[in-house]
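Letters A, B, ... are given to chains in the order of the sequence lines, protein chains preceding strands, and every chain is numbered from 1.
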Amino acid sequence: MVEITTLHYLVVAAALFVLGVIGVLTRRNVVIVLMSIELILNAVNLNLVAFSRMWGNLHGQIFAIFIVVDAAAEAAAGLGILIAFFRNKETVNVDEIDLLKW
Amino acid sequence: MPNFIMSYLGSKVTPGEAGNQFWALIYVLIIFAGVAVAVLAMNWIERKALAHFQIRLGPMRVGPHGLLQPIADAVKLMLKEDIIPAEADQFVFWIAPLIGLLAAFTVYTVIPFGPSQAVSDMNIGILFMLGVSSLGVLGIVVSGWASNSHYPLIGALRSSAQMVSYEVAMGLAVVSAILMTSLNATGTGTLSMIGIVQAQQQQGVWFIFKFFPLGFLAFVIFAIAMIAETNRAPFDMAEAESELTAGYHTEYSGLRWSLFMLAEYAAMIAVSSIAVTLWLGGWMRPFPNLLHAPAWDFIFSLFPGLTFLGLAAITFVGVARMPSQSFFKIQRIGLAVFAAVLGFIALLLLVIAVAGRSADTSVAARFREGIDYVYWFVLKVAVFMYLFIWYRATWPRYRFDQLMKIGWKVMLPISLGVLIVTAIVGVIFS
Amino acid sequence: MNPAMNSAFNAGMAPVATPWFFYVLAGLAVASGVAVITRRNAVHAALALIVTLLSVAGLYLMLYAPFVAGVQIIVYAGGIMVLFLFVIMLVNIERSSKERRFNRIWPVGLVAACALMALFVSAIVKGKALFPDRGMPLPESSNTQQIATLLYGEAGRMGQYTFAFEIASLLLLVAILGAVIMTKKKI
């Protein structure tokens, strides 16, 4: 069997990134859009950790930890916005969230 | 192949570290069997102990003194009709107990029963345990949702909110115990479970007694948080039979409900193992430094055999006290057989303890050491299990807002304070 | 026995059956990723995302990053996904499970994503000469200690990322405050 190099991990990360981008661009449900954003962040993390292994130092892993922290904060804020919006308009459809003021 | 199997037998590391998949699999199977037996025993002990606390007898009919009751319960649950609510989400309904079971059982990979008696000694052992036990919350949330009925949903949301709140206090208490592992010559602590017990061994004190009362306070916080984590009394609002018609597992019947119960008991044993490893010295026998002579080693190595001998003696007393009608003849015989089995195990353990009494590396000595390590660990975990039952019998349950208030306003500040003071004291005394 | 297992048996600490584990974990991650973006039911998508997160944590373990794997399991799978499931239940999108899944302009999104994928593939193929063929070995047993040194510093000096660490904790505080204030009914 072929030995697993950094390239393999980069391909997996690219696939996850593209899947996340498709999810963000095409789904109508806001929660699923937020989950696709989490997919994108995970792909970036995988990329960073793979490169950290390649170069042999830990800077990539530290960056990955900070990205996880950032993703937690962003998920909390994004879901808070979603709940506040849902309380007013009773929908989670991206197409119907199109007014600045109602 | 036999070389692969036999080459592990003399080693001093866990199968995970030795890269030996065969023995890792054997250890996993032993752990499965052990947890299954422990859950059956817990079921019986819980019903009998609760009954005796409430001045009644508990199950007496099924076997002698109800000893076959757990088996009867298991058979009944397996034969019950499997009802799935009509509007429920089929796939999620099916997968929810499995998530809880997965989270509860994966933790057993890193529990150290001895210095090399663990499936694998991960470098991030305690981090892994905290993470995987927090996956159990997902099983509860998903099961409440999948039942498509409001009682389970409210119960699941309450239960998961409670578990998430007490996870914070639990994590901080664990961190203050990990801090104490770094008070050695190199100043480097360790996150691996075996390393934590070895740090206690090296520092010559159980962490519950270290920097008294800091270690004790951290232990108390963890003990309270672990009861809330496993949804046991007095924090069992989520599954309170009188308030919420059994909470998140209302709609589950038969085998699925038994999977939930299995996951709950397995999680109880897992968090008790964390408490024993971090604060109570894991597999070390009591007073390893104070009573250090080989004579004391020999006396303490007799304890496994003596415990089973005591259990066999109690069972024989039970046989003697059986009523003498012919109706009870089969029960008498059954109990006598059980007592004889216990006595046989006791005899075996005593023989191993006597044969392996020197500290050399003969087979008997290694067996004796292994049995001693596992025995002391299991004994301490069994004490915690009994405490769980005692708490359930003694204390009324907390109302949900009181529960959340305690989790956030009492436990979190105290655990933060303990952590800070432990760090300061550790720096001063290092 | 394949050579990987024999060398593990001799080496003791070397990883075992690495290609097999990589393909299983990577396949699971990508398959669950597809499930996340295609499921109609949001709870199914959340469960698929949990599987993705756990398999990515497994990939981190294979990349000699045990601490990041632990953080991923605790924070992402055990914290963020519980938050997502809570919000899905609060929002209770019964109606949306009967609606159309995808946007009206979904071909545009798909084309854009394919263009992005083509860009990635060309970058990886053209830049392949830059990547060393073997990863430099990272000592796994001191991973947590080295991360702690970078984050917290040692022997009286500040670590390289201590300032960033403090800012990250401030960010979390701001996120907590924001989430609480946004979801309160009366401020």
message: Counting heavy-atom pairs under 4.5 Å with chain C, which one of Leu41(A), Val33(A), Val69(A), Asn45(A) comes out on top?
response: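 If we count pairs closer than 4.5 Å to chain C, Asn45(A) comes out on top.
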Side chain, backbone, both or neither: which part of [X] has an atom under 4.5 Å from a heavy atom of chain A?
{"X": "Phe22(C)", "answer": "side chain"}
{"X": "Ile105(C)", "answer": "neither"}
{"X": "Ile147(C)", "answer": "both"}
{"X": "Phe86(C)", "answer": "neither"}
{"X": "Arg39(C)", "answer": "backbone"}
{"X": "Val75(C)", "answer": "side chain"}
{"X": "Leu49(C)", "answer": "side chain"}
{"X": "Thr52(C)", "answer": "side chain"}

So for [X], is it side chain, backbone, both, or neither that comes closer than 4.5 Å to the heavy atoms of chain C?
{"X": "Tyr9(A)", "value": "both"}
{"X": "Leu7(A)", "value": "side chain"}
{"X": "Leu10(A)", "value": "both"}

Ring centers of Tyr161(C), Phe63(A) separated by less than 6.0 Å: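 No.
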message: To check you understand the geometry: which heavy-atom pair defines the closest contact between Pro66(C) and Leu61(C), and what is its length?
response: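 Here Pro66(C) and Leu61(C) meet closest at CA-CD2, 3.9 Å.
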Report all side-chain donor-acceptor pairs from residues 73-85 of chain A shorter than 3.5 Å, counting only partners two or more places apart or in another chain.
none

Determine all donor-acceptor pairs shorter than 3.5 Å in which one atom belongs to a side chain in residues 109-116 of chain C; sequence neighbours excluded.
none

